[in-house]
Number of protein chains: 2
Amino acid sequence: MAGTTREEIVSEADGLFYQQGFEHTSFADIAAAVGISRGNFYYHFKSKDEILSAVIELRLANTHAMLERWDREGGDPTVRIRCFIRILIANRAKIIRHGCPVGTLTGELAKLAHPSLSDAARLFTLFRDWLARQFMLMGRAQDEADEFALHLLARSQGVATLANAFGDTDFSDTGFAGTEFVEREVAGMCAWLDRIAAGN
Amino acid sequence: MAGTTREEIVSEADGLFYQQGFEHTSFADIAAAVGISRGNFYYHFKSKDEILSAVIELRLANTHAMLERWDREGGDPTVRIRCFIRILIANRAKIIRHGCPVGTLTGELAKLAHPSLSDAARLFTLFRDWLARQFMLMGRAQDEADEFALHLLARSQGVATLANAFGDTDFSDTGFAGTEFVEREVAGMCAWLDRIAAGN
DNA sequence: GTCTATAGCGAGATAGAC
DNA sequence: GTCTATCTCGCTATAGAC
């Protein structure tokens, strides 16, 4: 948590935008989280939109670093892709509560017709390009690799959306167990990946 | 468009909530769309949350009617399930612009910790139960039928989320063609369905 | 049932002292 | 660099005339 005030603002805004949404999060919320006054914001940022831009930049940097870490650690492209798929399990509690940080942000910005939507979509592009590269390392042509990448992205987004919609409420009456659903779909994606690795 | 004032309010609110989001849509927006004054709302509804409830009820009724129509028209469960899958194509322009009406609403209400989230999630339950029934008509056991239903729901949600995130912006630079992506994924879901119909 | 007028609140943003 | 005080605006909601 140590760092400059600016960094703490961006870090807290990041978390609050994820939990509450961008529009629903006020300066008062962020100020309370950081422990500074509202007026102090405008020394560091000219507007709320500038904070959003900084949050997106932070997420891009964090995502980039995570993908590079996976590149270094996993020796096999299928192992690395499995790292991606398993984010759903590693973060399942948060996903059930707040959805996917990328998908929910782009969804909100699309509704607001917000100019930063295209920047937020670059978070998807980061994953997409990285995934496509892994499939190319598995011997697939560029077009097919990109199709596979988008397919996996879409499936993980769908799991996150449903888990979020049902998650907190439906444990009792309809028998929807969010954790089991996520794990079953993750297993399905891994099986799909194995079929790809085996050459269709 | 004919109907009582109350019905017109709910109908216009339905469209605006879809296009702009619930929180981002003001009474002034709805009033302008309907052509009445802001104050007149409170004769018909006690609060904005009551309008949301009415919108969800309307969507539940419309969805229920659509599913019953599919039940009457398609003679074969696989034909009916294909009706569901092909909503993505029939509504692809709207989905690229505003996402899935159900997924984006539940996503927003989850961020707002809104009490109507569980009601909105019933829209998913409607599809889920209907799809599970079709799979059972295809000879699948209840548990498996429900897993298939959730799987199909999740995949269509993922397609909608990605199409919405990339859709309007990415036609130029990154070579993402929203329409082609949607059609490719729809074809993939239909192929999956055929494998299920053939008995795995 | 529909209107105008307005209350009350919280939001983003600004000014200026320290 | 951080604070307090304040401005302005748009929102939900209310009051009361017609």
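Keep in mind that what you see is a predicted model, and the values were worked out from it rather than measured. Sequence lines set the chain letters: A, B, ... in the order given, protein chains first and strands last, and positions in each chain run from 1.
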For Phe27(A) and dT14(C), what is the distance between atoms CZ and P respectively, to the nearest whole Å?
10 Å
In whole angstrom, what separates Glu8(A)'s CD from dG1(D)'s C1'?
14 Å
Under 4.0 angstrom, heavy atoms only, what part of the nucleic acid is Ser26(B) near: base, sugar-phosphate, or nothing?
sugar-phosphate
In this structure, how many angstroms lie between the P atom of dT12(D) and the CD atom of Glu50(B), rounded?
15 Å
Aromatic rings Trp192(B) and Phe135(B): how do their planes relate, parallel, tilted or perpendicular, breaks at 30° and 60°?
perpendicular
Which whole-number value in Å describes the distance from Phe45(A) CZ to dG12(C) P?
14 Å
Pi-cation contact, Phe17(A) with Arg59(A) (under 6.0 Å, within 45°)
no
When rounded to whole Å, the OH to P distance for the pair Tyr42(A) and dC7(D) reads 16 Å
In terms of the nearest nucleotide of DNA chain D, which residue is placed more toward the 5' end: Phe22(B) or Asn40(A)?
Asn40(A)
Taking only side-chain N and O atoms of Tyr43(B), does any of them lie within less than 4.0 angstrom of OP1 or OP2 on dG1(C)?
yes
Within a reach of under 6.0 Å around CD of Gln142(A), are more than 12 heavy atoms found that belong to other residues, nucleotides or ligands?
no
Below 4.0 Å: OP1/OP2 of dG1(C) and any side-chain N or O of Thr5(B)
no
Is atom NZ of Lys94(B) surrounded by more than 12 heavy atoms (other residues, nucleotides or ligands) closer than 6.0 Å?
no
Atom-to-atom span, CD1 of Ile30(B) to P of dG10(D) - whole angstrom
18 Å
Round to the nearest Å and state the distance from Glu23(A) atom CD to dA11(C) atom P.
12 Å
Along DNA chain C (nearest heavy atom to each residue), the more 5'-positioned of Asp29(A) and Gly39(A)
Asp29(A)
Any Thr104(A) side-chain heavy atom under 4.5 Å of His98(A) side chain
no
Proximal nucleotide (of dT2(C), dG12(C), dA13(D)) relative to the His44(B) side chain
dT2(C)
When you measure from the side chain of Ser47(B), which nucleotide among dA13(D), dC3(D), dA13(C) comes out closest?
dA13(D)
Phe41(B) has an atom CZ; how far is it from atom C1' of dC3(C), in whole Å?
13 Å
Do any side-chain nitrogens or oxygens of His24(B) fall under 4.0 Å of OP1 or OP2 in dC11(D)?
no
